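What follows is a single structure, written as structure tokens, with notes after it.
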Amino acid sequence: MSQDSIAAGAYAGQAASSGASRGLWTSRWAFFLAATGSAVGLGNIWKFPYITGVHGGGAFVLVYLGCILAIGIPLLMAEVMIGRAGRKNPSDAVAALAEQSGASPRWRLAGWVGGLTGFLILSFYVVVAGWALAYVPAAASGGFVGLNGESSGALFGALLADPLKLAVCASLVLLATLLIVGFGVQQGLERAVRYLMPGLFVLLLILVGYAATRGAFGQAAAFLFAADFSKLTGEAILVALGHAFFTLSLGCGAMMAYGSYLPAGTSIALTSLLVALADTAVALLAGLAIFPLVFANGLEPGAGPGLIFVTLPIAFGQMPLGQVVGVFFFVMLLIAALTSAISLSEPTIAWLTERFRISRLKAVLLSGAALWLLSLGSVFSFNLWAEGTLFGKTFFDCLDYLTTNLLMPLGGLATVFFTGWVLKRKRVSEALNIGHPALFQAWWWLIRFVTPLGIVLVFLNLIGVI
Ligand code: PFF
């Protein structure tokens, strides 16, 4: 078995049931890479720039950073702590801890909802990752040369209008995810994150460098960092909060599942902080790579989900070696998406194997079939079923809305309430093992009061009360 891997029990294809047989990450570095791989994904490079654009820039970014600090990091620590203390899939880990604190094992429902949320997100996540896949050959064949704002928009529109191409791309991404999850996490995932995450970082720096010299960098930096609070709406605050959940992979069991393989001595607080820092750095760099090009090409920053797929090809079409950089960029985006997709499936796969004692392969096949069918729904949302809407939203939009705005915050709320108000403080303090009483006290206060309050605000907005 390789170093830095999840040991045999969890990934060798047998049903792992006891804590001992399911194995551990062999180092803190391995956990850091896997958790960062989960956090850094389409959310950072695709979603963060476009929602920042839609919500007016700087003030939104500031609120988002505040949400990461006050809500995201404390919750990330809580999720990893629950996973490690329970040493099981999210639903059983929550049930085990509840019983230890004399509470009802029905709390397992919280973990279960998390797994379901991850499952639903994965079904549309592979569709967006499929867009990146479709852009790899387009970049390689020089298809971006000479694009301007209009023709780039038309290219993306043509992709969305092609159900077969979208379905093939999404299916390939799903297949790659399931293959890695089923057979090759030790070699596949860990190698991928070890080499390709730094690669992604370097590429983003190159793109920021390009944008700084060729784009409207000053305008973009002002857009991203000069906070004009008059532009900030209530909805923007809640979107920022929802995105803090999405980008740190919270509220859907992924970090609990990864935490369940974390060795006892590792500092949860420090590692969580580093994961959040890396995640935030990638999002801000993506903003600094994209907005200069948006402004320089007279594009609309609030263009929505197509933003990076329309703006970056223009830059790739103009820059020296743009064909190579374009291919690398979309491959890296795919890798970032894959390492997140894997973590989205892990809670369900771990639950199926541990709960029903079926092999990992069977669990992968079962969930893969269901995921594939669901993903087709998202594919058709952009073409065949584009007219078929519910409350004005397509199937894809419904899934995104339901998971990001409803299920993730609900899962997060259940987790913070469970940690701060159901579990015994002494048990939590032991499990977190933060070292400094004052730091623990600050975290405990955030978890009991600030984090739940923030999440409740999301819900009040959702049901139209605020
Ligand atoms: N954090 C990922 C991103 O920003 O793209 C998305 C994600 C992964 C959400 C894993 C939830 C999750 F469990």
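Sequence positions, counted from 1, serve as the residue numbers for this chain. It should be emphasised that the depicted structure is a prediction, and the values quoted were computed from it without experimental measurement. In listed order, ligands and their atoms are each counted from 1.
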In terms of side-chain heavy atoms, does Asn383 have a donor or acceptor partner in Asp162 at a distance below 3.5 Å? no
If we only count N/O pairs under 3.5 Å, is Ser343 in contact with ligand 1? no
Per-residue contact class, Met255 against ligand 1 - non-hydrogen pairs under 4.0 Å: neither
Considering non-hydrogen atoms of the protein only, which is the closest contact for atom 12 (C) of ligand 1, and what is the distance? Leu344 CD2, 3.2 Å
Measure from the ring center of Phe382 to the ring center of Trp131 and say whether it is less than 6.0 Å. yes
Between Phe309 and Phe156, what is the ring plane arrangement, given parallel below 30°, perpendicular above 60°, and tilted in between? parallel
Counting heavy atoms only, which part of Ser38 comes closer than 4.0 Å to ligand 1: side chain, backbone, both or neither? both
I need the atoms of ligand 1 closer than 4.0 Å to a non-hydrogen atom of Leu42, numbered in the order shown. 5 (O)
Can you confirm whether the side chains of Ser171 and Trp372 place a donor and an acceptor under 3.5 Å from each other? yes
Residue and atom name of the nearest protein heavy atom (relative to atom 4 (O) of ligand 1), distance in Å to one decimal: Ala39 O, 3.0 Å
Using a 3.5 Å cut-off on N or O atoms only, is Cys252 in polar contact with ligand 1? no
Among all protein heavy atoms, pick out the one at the shortest distance from atom 8 (C) of ligand 1; state its residue, atom name and that distance to 0.1 Å. Ser249 OG, 3.3 Å
Audit row: Ile290, Tyr50, side chain to side chain contact (heavy atoms under 4.5 Å, CB included) steps and yes/no: CA-CA 10 Å; Ile290 287 154; Tyr50 99 69; over 6 Å; no
Check whether any heavy atom of Gly118 sits under 4.0 Å from an atom of ligand 1. no
Would you please indicate yes or no on a ring centroid separation below 6.0 angstrom for Phe144 and Tyr135? yes
Given 3.5 Å as the limit, does a donor-acceptor pair link the side chain of Thr247 with the main chain of Ala244, or not? no
Establish, yes or no, whether a centroid distance under 6.0 Å links the rings of Phe391 and Tyr401. no
Selected option - heavy-atom contact closest to atom 5 (O) of ligand 1, from Tyr125, Phe246, Phe48: Tyr125
Heavy-atom contact check, 4.0 Å cutoff: does Lys47 meet ligand 1? no
Any atoms of ligand 1 less than 4.0 Å from a non-hydrogen atom of Thr247? List them with their elements. 1 (N), 4 (O)
Classify the side-chain pair Thr348/Ser367 by whether it contains a donor and acceptor separated by less than 3.5 Å. no
Per-atom contacts of ligand 1 with Met408, taking only distances under 4.0 Å to non-hydrogen atoms: 9 (C), 11 (C)
Quick check: does Gly43 get an N/O under 3.5 Å from an N/O on ligand 1? yes
